[in-house]
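All remarks here apply to the structure that follows.
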Number of protein chains: 2
Amino acid sequence: MTSDASPGVLSARLGYLLKHAQLRYARASARALEPLGLDGRDLAVLAVLAADVPLSQQEAADLLGVDRSTMVSLVDSLEARTLARRRRSPADRRKNIVQLTERGRTLLRRAERVREDAERRFLAPLPAAEADALLRALRTLAADPEPEPEADPGADPGSGSGSRGR
Amino acid sequence: MTSDASPGVLSARLGYLLKHAQLRYARASARALEPLGLDGRDLAVLAVLAADVPLSQQEAADLLGVDRSTMVSLVDSLEARTLARRRRSPADRRKNIVQLTERGRTLLRRAERVREDAERRFLAPLPAAEADALLRALRTLAADPEPEPEADPGADPGSGSGSRGR
DNA sequence: TATTGTTATACTCTATAACTATA
DNA sequence: TATAGTTATAGAGTATAACAATA
């Protein structure tokens, strides 16, 4: 599991730092969620499914960034614990609408508190300003590359209007 | 491969942000290193092996945070490309000393420049101060939990001595 | 007995391909 | 024909266990 190793030449590398920060947080949050019988992945699925609009498996999979075949086992697992259930969409009978059960919603609320706590503890060693900057930076870096104005062939031949997307 | 998905509820979660920042960087650096026939892992191994002291496989494995059985294939792979070679340690014939070849050292130098460039490009969207803060924060978070002043022995008989690596 | 390198094996995670039912 | 869910399967990546050589 790539447990924490001595830094040395590696500690200066962005790849190493990101990977190990991620691994350390994954372990910490897994430990925190364990008493609830959840892992970080489960929690992300629950959170996505808690959206006000009911989602199909495919839609949830897209939001989570996983394949629809992977989604099957994620939902299987939640359903086995009666945290969510499938129902055939009446509008389009190919689709499974996945909804949280009352139990799922309750557990989600508890788990979110646990997660927030785990995040706080994980970031505790950082000065407040640094923690803020970290989160801001990660939001930028985790997001897609900005579409980049993209000069239209034929149109807008000169200076880009600079309208930022999204 | 958990390709970039829509943010939504997930974009506020530290776990999501760390994971996706890491994934995006891993892809970017892999792309940059590809023309050299290396991936990020190869490069980390080369960098570790380039240390002034010659390392055994076990020692390199410890530095990289991988199992010694995993190290076998990493070295196999470098050796197949004549970037490194094994030699039996005369001092302890159980050990394989792994050394970079001239070719390995040359490639490492080139690859390090490529990696630095990739890091720079990856961090480019961040304001300089934010990039600095990010690196500082990651160094703190990627490292082991701070030994913590450690009160006297004789006290604290119960609470877990965390799982120590091996 | 303990350690190093090696091999074989297993486990986790996830994607791809093919199948079924719907559209 | 195309899409959603499902299943079977395969590929990374990595760890554990057992074994031989050496200490």
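Side-chain atoms are counted along with the backbone in the values below, which use heavy atoms only and exclude waters and symmetry mates. Residue numbers start from 1 in every chain, and the chains themselves are labelled A, B, ... in the order their sequence lines are given, proteins ahead of strands.
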Practice prompt. Spell out, as yes or no, whether a donor-acceptor pair under 3.5 Å connects the side chain of A:Thr140 to the backbone of B:Leu126.
Written response: no

Worksheet item: Rounded to the Å, how far apart are A:Leu74 CG and C:dA15 C1'?
Response: 13 Å

Discussion item. I'd like to check the salt bridge (charged side-chain N to carboxylate O under 4.0 Å, His left out) partners of A:Arg68; sequence neighbours left out, ordered by chain and number.
Written reply: none

Practice prompt. Let me know the distance between CZ of A:Arg86 and P of D:dA4, rounded to the nearest Å.
Written response: 15 Å

Item to complete: Mark up nucleotides 16-23 of chain C, 5' to 3', with B wherever a protein heavy atom is under 4.0 angstrom from a base atom, S wherever such an atom reaches only the sugar-phosphate, and - elsewhere.
Response: B-B---BS

Worksheet entry | A:Gln57 CD - D:dT7 P separation (whole Å) | 10 Å

Item to complete: Not counting sequence neighbours, which residues clear salt bridge (charged side-chain N to carboxylate O under 4.0 Å, His left out) with A:Asp39? List them please.
Response: none

Worksheet item: Could you give the CD-to-P distance, from B:Gln58 to D:dA15, as a whole number of Å?
Response: 12 Å

Worksheet item: Just how far, in rounded Å, is C1' of D:dT3 from CD of A:Glu59?
Response: 12 Å

Discussion item. Applying salt bridge (charged side-chain N to carboxylate O under 4.0 Å, His left out), can you list everything that pairs with A:Glu119, at least two apart in sequence or on another chain?
Written reply: A:Arg115

Response to the item:
From CZ of A:Arg27 across to P of D:dT14 the rounded distance in Å is 13 Å

Fill in: Contacts of type salt bridge (charged side-chain N to carboxylate O under 4.0 Å, His left out), residue B:Arg81, not counting sequence neighbours
B:Asp42

Fill in: Value in whole Å for how far the C1' atom of C:dG5 lies from CG of B:Leu55
16 Å

Worksheet, complete the sentence: side-chain hydrogen bond (donor to acceptor under 3.5 Å, both in side chains) filter on A:Glu130, not counting sequence neighbours, yields B:Arg136

Worksheet entry | Integer-rounded Å distance: C:dA2 P and B:Lys95 NZ | 17 Å

Discussion item. Return whichever of A:Asp39 or B:Val75 has its heavy-atom-nearest nucleotide of DNA chain C closer to the 5' end.
Written reply: B:Val75

